Student: 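Sharing a structure with you now.
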Amino acid sequence: MEEETGKLPKLASASSVRGEVRAPLRTENSRDLAKIRADEIRKHRAGIEVDGMDRYYIDPNIIPDGWSYEWKRKSLHGFEDPAYQVNLASGGWMAVPVDRDARHRALMPQGNYATIERDGMVLMERPLELTEEARDVELRRARGQVRAKEQQLASTPDGTMTREHERVRPSIKKGYEPMAVPKD
């Protein structure tokens, strides 16, 4: 046998042992990448005019069944109000997590966000049952205030004439009519 001097055995290449280390090279140029990103943004906006868009609109389809969503104040001029946050929590409100599903993640830009926020407002949720109860309480309170004012208008101070006669009885009309919008 012939003796080989100074030669080392041939080793396997690093890529065959570890797999490919580098990501494949991109074939698109920056103009193609910009076009792809612009198409993604247009698809996400779905034809909505950005300037006239309601920034607080939440698609009802992303609200889970049995829950209600509302925007609540998180901060005012950069300052948070812990007492208000405690009040919200006692009313059953919790911040909606961004990571609930892909539709919720689409409401915030990429990054490490825990909740959905806009302009000092945070999107909050609570069981729909509690929201309906709160609306009923508010409606009863508003109707009670209207009744109290009606009674106040119909009453007279002690020792004076009553307002029972049709000519002096207050005429309260309840109704809705369109309001005229001035043209500039």
Side-chain angles (χ1 to χ4, degrees), residues 23 33-155 157 170-184:
L33 291 173
K35 172 85 171 115
I36 291 168
R37 180 67 181 134
D39 290 341
E40 288 173 359
I41 292 169
R42 283 189 194 100
K43 181 180 174 186
H44 179 70
R45 287 193 315 214
I48 299 171
E49 183 183 327
V50 177
D51 292 337
M53 183 172 86
D54 180 2
R55 296 168 18 170
Y56 299 104
Y57 174 76
I58 298 297
D59 183 2
N61 295 324
I62 71 168
I63 301 173
D65 193 34
W67 291 86
S68 67
Y69 279 14
E70 288 184 17
W71 289 101
K72 300 292 183 181
R73 177 173 45 88
K74 182 174 182 182
S75 64
L76 182 63
H77 299 295
F79 296 102
E80 292 189 12
D81 184 357
Y84 178 70
Q85 296 299 324
V86 169
N87 188 26
L88 290 175
S90 68
W93 291 106
M94 303 180 315
V96 175
V98 169
D99 60 359
R100 175 160 291 150
D101 62 29
R103 295 175 297 184
H104 287 80
R105 279 189 294 279
L107 296 173
M108 290 295 287
Q110 291 180 345
N112 190 19
Y113 297 99
T115 59
I116 300 166
E117 299 178 20
R118 296 200 179 126
D119 299 328
M121 306 288 279
V122 60
L123 186 62
M124 300 191 101
E125 66 182 355
R126 77 171 167 189
L128 183 58
E129 182 178 335
L130 293 178
T131 301
E132 289 171 347
E133 286 175 10
R135 286 179 185 153
D136 289 343
V137 167
E138 289 173 5
L139 183 61
R140 281 195 306 273
R141 186 177 299 142
R143 286 185 176 157
Q145 289 175 343
V146 169
R147 274 193 296 277
K149 280 297 174 188
E150 288 172 346
Q151 288 173 353
Q152 187 181 24
L153 286 171
S155 68
S171 174
I172 301 170
K173 296 179 183 178
K174 297 177 189 175
Y176 303 96
E177 46 187 76
M179 188 172 97
V181 178
K183 294 182 181 179
D184 292 336

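Since the model is a prediction, treat every value here as computed from it, not as a measurement. For the single chain, residues carry numbers from 1 onward in sequence order.
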Student: Going by the side-chain hydrogen bond (donor to acceptor under 3.5 Å, both in side chains) test, which pairs reach into residues 95-104, not counting sequence neighbours?
Tutor: Y69-R100, Y69-H104, R100-E125, D101-R103, D101-H104
Student: Taking the side chain as every heavy atom from C-beta outward, state whether E70 and K72 have any pair of such atoms under 4.5 Å apart.
Tutor: yes
Student: Taking all non-hydrogen atoms of both residues, which atom of G91 and which atom of L130 are closest, and how far apart?
Tutor: O-CD1, 4.3 Å
Student: Mind listing the closest non-hydrogen atom pair of V98 and M108 along with its distance?
Tutor: CG2-CG, 4.0 Å
Student: Can you name the closest pair of heavy atoms from G78 and S75 and give their distance?
Tutor: C-CB, 4.2 Å
Student: Of all heavy-atom pairs between E80 and K74, which one has the smallest distance, and what is that distance?
Tutor: OE2-CE, 3.4 Å
Student: Please set out all donor-acceptor pairs under 3.5 angstrom arising from side-chain atoms of residues 140-150, sequence neighbours excluded.
Tutor:
unit_1: K149; atom_1: NZ; unit_2: Q152; atom_2: OE1; d: 2.8
unit_1: E150; atom_1: OE2; unit_2: K174; atom_2: NZ; d: 2.9

Student: Restricting to side-chain contact (heavy atoms from CB on, under 4.5 Å), what partner residues turn up for E129, sequence neighbours left out?
Tutor: E133
Student: Quick check: closest heavy atoms across G92 and P127, and the distance to 0.1 Å?
Tutor: O-CD, 4.4 Å
Student: What pairs with Y56 under side-chain hydrogen bond (donor to acceptor under 3.5 Å, both in side chains), at least two apart in sequence or on another chain?
Tutor: D119
Student: Listing request: all side-chain hydrogen bond (donor to acceptor under 3.5 Å, both in side chains) pairs with a residue in residues 57-66, at least two apart in sequence or in separate chains.
Tutor: D59-N61
Student: Do W67 and L128 have side chains that approach each other closer than 4.5 Å (heavy atoms only, starting at C-beta)?
Tutor: no
Student: Which pairs count as side-chain hydrogen bond (donor to acceptor under 3.5 Å, both in side chains) when at least one residue sits in residues 81-94, sequence neighbours excluded?
Tutor: none
Student: Quick one, I62 and L107 - any side-chain contact, counting heavy atoms below 4.5 Å?
Tutor: yes
Student: Taking the side chain as C-beta and beyond, is there a heavy-atom pair between R126 and M94 under 4.5 Å?
Tutor: no
